[in-house]
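First comes the structure, then the notes that go with it.
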Amino acid sequence: MRSQTILITGAASGIGFASALLLLQRGHSVIATDRNEDLLRAFDPHRAAHGSRLRTAVLDVTVPAHAAFAAQNEHDVLLGCAGIGDSGPIAEMPEDRLRALFETNVFGTLRVIQAALPAMLARRHGRIVTVTSIAGVIPVPYVIGYAMSKFALEAMNDGLRRETAGMGIDVVAIEPGNIDTGFNQRMNAQKWLWMRPESAWKGRWEALKRCEREFWDKGGVPARVPARAIVQAIEARKPKHRYLAPSSGIAFTWAARTFPSWLNDAILHRMMGV
C-alpha cells in the first residue's frame, strides 16, 4: 500500500477525527484542518506517535482566504468532512438558516475542491472524497434543509466525476447513516430553537420528540464505521463511486430509488410516527 497525503476538512471531531486517526495508523500523512482551533487540540496526544505525518491548521470552508490553503499544500487526497446541520419544517425554516446550511455544506465544500483541483489536474493524479449523507438520497421529513444541501453535494460529485473523466481524478461520495457522534442529535435539537408557537406543525411536536427519543437519541454506529469506508475509498486502486456507511443503509437507498413515491412516503411516515 502506497502512503498518501490526505487533506481533511472538518477533521477535529466526528467522522473527520476518526478518519484522520485511522489513516495515520495505516501509515498515511494527514493535514487535519478545522474551523475550530480549540478542537484541533484533540490531535495533541497523537503528535508524538505520528511525528511529521500529522499536521494541523485552521481552515474555515466558508472563508475564501482559508480555502486557498488547499492550493498551497500538495496532497493526494482531499477529504471533505466539514458540515453543519439544521432541522424543522422546510415550509417554515428561516431563510438565513437555510443559507447557512448551503454556505458550509455546498459552497464551502466546493470552494475547497476548486482550490485543490488545479494542482491535481496538473499532476493528473488526485482523489476527491466527500462526506455526503444518506439524507442526500432519502429526503427525511423535518431535516429537509439539510437533505437539500446533501442532495446538492451528490449532484456535484456525480457531475465532477463525469467532467474529470480521463483526467486522472477519482471522485467518491461517502454516505453515512445514523452515526453516533452527537451530530444528528444536535441537528434535530435546532428546530426547537426557532420554531414558533403558532407553527402549523405544532400538533406534531410531541410525536417528533418521541421519534427523536426512540430513534436518534439511541445513537447509531460508531464513527469508525464510516471512517473505515473512507479508508477503503482512499486506498482502493479503483474506488467505487459511493460508499454507504453503515452498509445496512443499502436497503433504504434501494427502496428510495425503486419504490413508488407513495410507498416511500408511507414507510417514512410510519417510521417517524407523524
Side-chain angles (χ1 to χ4, degrees), residues 10 13-15 81-106 131-155 173-223 225-226 242 244-274:
S13 61
I15 294 172
C81 296
I84 62 172
D86 208 333
S87 59
I90 190 62
E92 295 181 347
M93 177 174 275
E95 184 177 316
D96 62 327
R97 300 185 79 99
L98 188 58
R99 286 184 179 276
L101 281 170
F102 273 74
E103 182 55 41
T104 295
N105 297 355
V106 181
V131 175
T132 63
S133 172
I134 197 169
V137 181
I138 305 170
V140 179
Y142 307 104
V143 289
I144 295 300
Y146 176 74
M148 288 166 62
S149 71
K150 294 300 185 174
F151 266 79
L153 283 183
E154 289 281 327
I174 307 294
E175 300 170 336
N178 187 13
I179 310 301
D180 190 15
T181 62
F183 179 90
N184 289 323
Q185 289 88 341
R186 291 190 297 272
M187 176 170 65
N188 280 288
Q190 290 300 306
K191 59 179 167 289
W192 308 117
L193 301 178
W194 62 262
M195 284 178 66
R196 303 183 305 276
E198 64 272 20
S199 168
W201 280 264
K202 185 175 182 179
R204 298 183 176 182
W205 285 8
E206 290 307 314
L208 280 172
K209 291 177 181 178
R210 184 171 60 251
C211 174
E212 289 170 8
R213 289 193 301 269
E214 294 176 355
F215 183 69
W216 298 112
D217 288 351
K218 290 181 181 178
V221 301
V225 173
R242 45 181 46 86
L244 275 163
S247 57
S248 58
I250 291 173
F252 291 102
T253 56
W254 178 84
R257 290 165 173 152
T258 307
F259 290 174
S261 58
W262 66 266
L263 182 54
N264 280 312
D265 291 352
I267 292 170
L268 284 169
H269 288 152
R270 184 174 180 82
M271 286 177 57
M272 302 193 70
V274 291

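No hydrogens, no waters, no symmetry mates; every other heavy atom, side chains included, goes into these values.
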Distance from Trp194 atom CH2 to Asp86 atom CG, nearest 0.5 Å?
7.0 Å
Pairwise side-chain contact, Asp180 with Val221, heavy-atom cut-off 4.5 Å (strictly under)
no
Who passes salt bridge (Lys or Arg N to Asp or Glu O under 4.0 Å) against Arg99, sequence neighbours left out?
Glu95
Which atom names give the shortest non-hydrogen contact between Ser199 and Met195, and what distance separates them?
OG-CE, 3.8 Å
If you measure from CD1 on Ile174 to CG on Leu153, what distance do you get to the nearest 0.5 Å?
12.5 Å
Is there a donor-acceptor contact under 3.5 Å from the side chain of Ser133 to the main chain of Glu175?
no
Are Pro226 and Val131 packed together at the side-chain level, in the sense that at least one heavy-atom pair is separated by less than 4.5 angstrom?
no
Donor-acceptor check, side chain of Lys191 to backbone of Asn188, threshold 3.5 angstrom: yes or no?
yes
Rounded to the nearest 0.5 Å, what separates atom CD1 in Ile84 from atom CZ in Phe183?
8.0 Å
Minimum side-chain heavy-atom gap Trp192-Glu212 below 4.5 Å:
yes
Inspect the contact between Arg242 and Glu154 and indicate whether a charged nitrogen and a carboxylate oxygen are less than 4.0 angstrom apart.
yes
Gap separating the OG atom of Ser87 from the CE atom of Met93, nearest 0.5 angstrom
6.5 Å
Which atom pair, heavy atoms only, marks the closest approach of Pro139 to Ala147?
CA-CB, 4.1 Å
Quick check: does any side chain N or O of Glu92 sit under 3.5 Å from a backbone N or O of Arg196, one acting as donor and the other as acceptor?
no
Do the side chains of Tyr146 and Asn184 get nearer than 4.5 Å, heavy atoms only?
no
Are Pro246 and Ile179 close enough that some pair of their side-chain heavy atoms sits under 4.5 Å apart?
yes
When rounded to the nearest 0.5 Å, the distance separating CG of Asn105 from CZ of Phe151 is 14.0 Å
Phe259 meets the ring-ring contact (aromatic ring centres under 6.0 Å, His included) criterion, sequence neighbours left out, with Trp254
